Engineer: 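The structure is given below, and queries will be raised subsequently.
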Amino acid sequence: MKKQTLILFALAVCCVVNPVRAQQPVYLDESRDLEERVQDALSRMTLEEKVKLCHAQSKFSSSGVPRLGIPELWMSDGPHGVREEIQWDSWGNAGWTNDSCTAFPALTCLAATWDPEMSALYGMAIGEEARYRRKDVLLGPGVNIYRTPLNGRNFEYMGEDPHLASVLVVPYIQEMQKNGVAACVKHYALNNQELWRGHIDVELSDRALYEIYLPAFKASVHEGGAWSIMGAYNKVRGQHACHNELLLQKILKQDWGFDGCVITDWGGAHDTREAALYGLDIEMGSYTNGLTSESEFTYDDYYLARPYLDMLKSGEVPMSTIDDKASRILRLIFRTAMNSQRPWGSFATEEHAEVARRIGEEGTVLLKNVAPDKKTSPLLPIDGSRYDRILVVGENATRSLTKGGGSSELKVKEEISPLAGLQAIYGDKVVYAKGYMSGRPMYSNIQEIPVSVMDSLRADAVAQAREADLVIYVGGLNKNHQQDCEAGDRITYGLPFGQNELIEEILQVNKNMVMVLISGNAVEMPWIKKVPAIVQSWYLGSQGGHSIANLLSGEVNPSGKLPFSFPVKLSDNGAHAFDYMSYPGDSIRQIYKEDILVGYRWHDTKKIPALFPFGHGLSYTTFAYGKPQADKVTLGGIDDRIVVTVPVRNTGNVAGKEVIQLYIGEKKVLYSVLSKSSKGFIK
């Protein structure tokens with residue numbers, strides 16, 4: 001017994017005296033330099049493991065390295081909210097009950113705030129939601145330039161001005177990435193139409209490329225520090241954007257020094273050799289249409305999967321290509337999925353609803369506000385004590401506008417409609433008539449509503465308008481195919497579903513109309529002189545109804561400014577002023593014939609007045625502007641700059657905000673500089 005005890009004791013002593021300690025690999029040590037960790041992990045990986053990093057393993061994830069404890073990357077659609085969970089290998093929803101998100105306003109609305117503080121709030125809130133849902137990459141924001149009002153995806157972008165988009169995209173990225181969630185800025189580059197988006201070959205001048213279409217992407221990299229970029233579907237100068245030597249290798253990675261990942265749009269890769277050589281890092285969604293379709297190809301059949309591995313082994317493409325790609329992907333993983341310091345996030349909270357409501361209020365634009373006749377005051381803001389019966393007309397007053405639109409479709413915890421928002425303020429004075437019908441949200445196959453149904457809805461709305469004291473018309477576009485929707489452009493500049501006729505008939509019986517246009521695009525307005533008050537709303541997300549009602553009632557003073565021009569007619573837009581090769585192209589090629597004269601640059605240079613110009617937006621108060629003063633600030637030679645100061649005074653009787661817009665440039669072209677400041681009021 002004693003002998004056994006001594007032996008056990010001896011063994012115990014032996015274990016204490018000579019412990020076995022495994023040295024922690026450098027790549028697992030978060031205190032080490034990021035590049036040191038990347039190179040250490042890379043040195044431990046097999047060629048097969050490196051290649052596996054470069055392509056999808058499911059609809060929204062790419063592989064890690066299980067042998068080394070390096071996790072996979074999980075991605076989610078944005079940029080207005082975190083998309084509901086879908087199945088591993090199909091586009092069907094996963095049936096979760098805890099993935100109902102906050103829908104934030106569309107990026108057109110964010111752009112219309114002209115306010116970097118709003119962008120920062122947006123980025124932080126959506127980053128918190130993505131982090132809570134354990135997403136590593138959020139596919140957004142979008143910064144493609146608004147070139148034509150027919151582009152079905154304009155609502156996801158930040159307008160026609162590269163400076164405005166550049167100023168606003170930076171805080172969105174910075175604040176979102178504080179959550180350990182990578183921004184994936186899209187769609188790089190020149191994805192300015194949805195028609196033929198998968199193959200249209202864009203030709204344009206170097207000046208237009210660098211001055212108009214690339215600045216917001218450059219700001220995303222240089223100032224925002226974006227960790228990933230999404231390639232576009234289209235071709236640019238003969239090569240697909242997702243493996244484009246000029247865009248990805250020369251400009252993005254060499255000239256701009258981008259150290260992050262290039263991720264395809266879903267189905268955006270088309271060639272293994274080009275993908276290997278010309279800057280693509282992660283391939284997603286190949287052999288699908290990016291929305292619904294499937295194929296018999298497996299993930300190992302992707303261009304950057306087995307075919308790429310075979311090319312590497314045969315020497316057809318150099319090994320340096322895979323080391324560069326794997327390094328970038330590891331860098332992204334260490335910044336996100338392997339970042340133990342990132343916060344937990346939060347999801348569909350009251351705080352996020354408040355952010356959505358506030359941005360919706362700040363971005364909604366008052367286009368027009370006059371008296372219906374010379375004897376009365378302007379209709380807005382609406383004083384409820386003046387009216388006994390307020391008729392709300394229009395499908396958009398009740399329609400869910402978080403559904404449809406393509407990949408930005410959201411499953412939301414709450415969605416306040418404009419009708420509900422108005423009823424919350426004006427109570428039972430508010431009655432409703434639908435007026436028109438558009439059909440269910442969809443991507444294709446436009447539904448025809450029977451004429452008899454449309455006639456009945458119109459007649460009912462007109463009859464009720466005749467008896468109302470005030471009509472609030474809530475219409476515009478929606479997210480059906482060939483409206484504001486992915487995978488299809490609009491086919492007309494006018495309002496769909498017989499709305500123009502409905503508006504004219506209502507005006508014949510009641511001229512007291514407040515119009516709320518909900519859209520992500522400019523629309524034709526043949527009734528413009530007859531409607532006293534027009535508000536340009538956007539897809540405002542979960543709290544849109546409260547945002548609209550607060551503005552109409554005067555609870556909030558509108559301060560939004562248009563982020564793009566509203567032409568009177570389509571041919572007044574620069575992209576449509578030439579032949580079909582300028583827009584939409586011949587289905588193969590397209591030439592940007594307006595060159596740098598996009599949006600307000602075209603209207604100003606060609607002296608073609610816009611219906612509502614870029615930067616337009618009214619207020620319920622008035623402002624007086626002092627004399628501008630320019631002062632040179634010396635920062636050390638090359639960074640010297642001019643600071644322009646403009647005194648602004650609120651001369652009305654309500655608090656308000658104003659955007660100071662400064663345009664500088666040569667005689668033929670103007671460039672915008674902006675700031676927004678909050679001012680008090682004078683009683």
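Quick caveat: nothing in here was measured; it's all calculated off a predicted structure.
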Engineer: So, Gln590 versus Glu203: side-chain donor-acceptor pair below 3.5 Å or not?
Structural biologist: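 The criterion, which ignores hydrogens and geometry beyond distance, is not satisfied for Glu203 and Gln590.
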Engineer: Any side-chain to backbone donor/acceptor pair from Gln239 onto Glu245? Under 3.5 Å, distance only.
Structural biologist: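 Answer holds: yes.
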Engineer: Does the ring center of Phe564 lie less than 6.0 Å from the ring center of Phe614?
Structural biologist: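 For Phe564 and Phe614, the ring centres are not under 6.0 Å apart.
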Engineer: Is the positively charged end of Lys479 above the ring of Tyr539, judged by distance under 6.0 angstrom from the centroid and angle within 45° of the axis?
Structural biologist: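 Yes, a cation-pi geometry holds between Lys479 and Tyr539.
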Engineer: Under 4.5 Å between any side-chain heavy atoms of Pro584 and Asp489, yes or no?
Structural biologist: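 No, side chains not in contact.
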Engineer: Given Arg399 and Ser438, is the side chain to side chain contact (heavy atoms under 4.5 Å, CB included) satisfied, shown in steps?
Structural biologist: CA-CA 10 Å; Arg399 182 184 179 90; Ser438 65; 2.9 Å; yes
Engineer: Test of understanding: with ring pair (Phe, Tyr, Trp, His ring centres under 6.0 Å), list the residues that count as partners of Tyr213, not counting sequence neighbours.
Structural biologist: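 Checked Tyr213 against ring pair (Phe, Tyr, Trp, His ring centres under 6.0 Å); matches are Tyr592.
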Engineer: Between Asp161 and Tyr600, is there a side-chain donor-acceptor contact under 3.5 Å, judged purely by atom types and distance?
Structural biologist: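 The criterion, which ignores hydrogens and geometry beyond distance, is satisfied for Asp161 and Tyr600.
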Engineer: Going by side chain to side chain contact (heavy atoms under 4.5 Å, CB included), name the residues that satisfy it together with Ser582, two or more places apart in sequence or in a different chain.
Structural biologist: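 With sequence neighbours excluded, Ser582 shows a side chain to side chain contact (heavy atoms under 4.5 Å, CB included) to Arg147, Phe578, Lys593, Glu594, given in chain and number order.
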Engineer: Salt bridge or not between Arg131 and Glu128? Use side-chain N to carboxylate O under 4.0 Å.
Structural biologist: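 Result for this pair is no, no salt bridge flagged.
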Engineer: Going by distance alone, is a donor N or O of one side chain under 3.5 Å from an acceptor N or O of the other, for Gln536 and Thr364?
Structural biologist: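 No pair is found: no donor N or O on one side chain lies under 3.5 Å from an acceptor on the other.
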Engineer: Any ion pair linking Glu486 and Arg153 (charged N to carboxylate O, less than 4.0 Å)?
Structural biologist: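 Glu486 and Arg153: salt-bridged.
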Engineer: Do the two ring centres, one from His576 and one from Tyr583, sit under 6.0 Å apart?
Structural biologist: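 Yes, the ring centres sit under 6.0 Å apart.
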Engineer: Under 6.0 Å from the six-membered ring centre of Trp88 and within 45° of its axis: does the NZ or CZ of Lys59 meet both?
Structural biologist: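 The answer is no; the distance or angle limit is not met.
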Engineer: Using the side chain to side chain contact (heavy atoms under 4.5 Å, CB included) rule, pick out the option among Tyr233, Phe217, Tyr157 that qualifies with His187.
Structural biologist: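 Among the candidates, only Tyr157 passes.
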Engineer: Would you say the side chains of Asn478 and Gln483 form a donor-acceptor pair under 3.5 Å?
Structural biologist: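 A pair is found: one side chain offers a donor N or O, the other an acceptor, under 3.5 Å apart.
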Engineer: Mind checking salt bridge (charged side-chain N to carboxylate O under 4.0 Å, His left out) for Asp265 and listing every partner two or more places apart, or none if nothing turns up?
Structural biologist: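 For Asp265, no residue satisfies salt bridge (charged side-chain N to carboxylate O under 4.0 Å, His left out) once neighbours in sequence are set aside.
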Engineer: Strictly below 4.0 Å, N to O, side chains only: are Lys253 and Asp281 in salt-bridge contact?
Structural biologist: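 Judged by the 4.0 Å cut-off on N to carboxylate O distance, Lys253 and Asp281 do form a salt bridge.
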Engineer: Between atom OG1 of Thr113 and atom CE of Met158, what is the distance when rounded to the nearest 0.5 Å?
Structural biologist: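 Those atoms lie 9.0 Å apart.
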Engineer: Is the distance between the ring centroids of Tyr302 and Trp266 less than 6.0 Å?
Structural biologist: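 When the ring centroids of Tyr302 and Trp266 are compared, they turn out to be at least 6.0 Å apart.
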Engineer: Working note: Ile126 + Thr102, criterion side chain to side chain contact (heavy atoms under 4.5 Å, CB included); need CA distance, chi angles, decisive distance, verdict.
Structural biologist: CA-CA 8 Å; Ile126 199 171; Thr102 303; over 6 Å; no
Engineer: Less than 4.0 angstrom from a charged side-chain N to a carboxylate O is my criterion; do Arg601 and Asp595 meet it?
Structural biologist: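 A salt bridge is absent here (no side-chain N lies under 4.0 Å from a carboxylate O).
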Engineer: Taking Glu156 for the side chain and Ala106 for the main chain, is one N or O donor matched with an acceptor at less than 3.5 Å?
Structural biologist: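 Side chain of Glu156 to backbone of Ala106, a donor-acceptor pair under 3.5 Å: no, none is there.
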Engineer: Ser542 and Glu415: side-chain donor and acceptor closer than 3.5 Å?
Structural biologist: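 No, Glu415 and Ser542 have no side-chain donor paired with an acceptor closer than 3.5 Å.
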Engineer: Do Asn521 and Asp484 meet the criterion of a side-chain donor-acceptor pair at a distance under 3.5 Å?
Structural biologist: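 Yes, side-chain donor-acceptor contact under 3.5 Å.
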Engineer: Any chance the rings of Phe104 and Tyr122 have centres within less than 6.0 Å?
Structural biologist: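 For Phe104 and Tyr122, the ring centres are under 6.0 Å apart.
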Engineer: Using side chain to side chain contact (heavy atoms under 4.5 Å, CB included), reason through Cys261 and Trp227 one step at a time and then give a plain yes or no.
Structural biologist: CA-CA 7 Å; Cys261 274; Trp227 293 338; over 6 Å; no
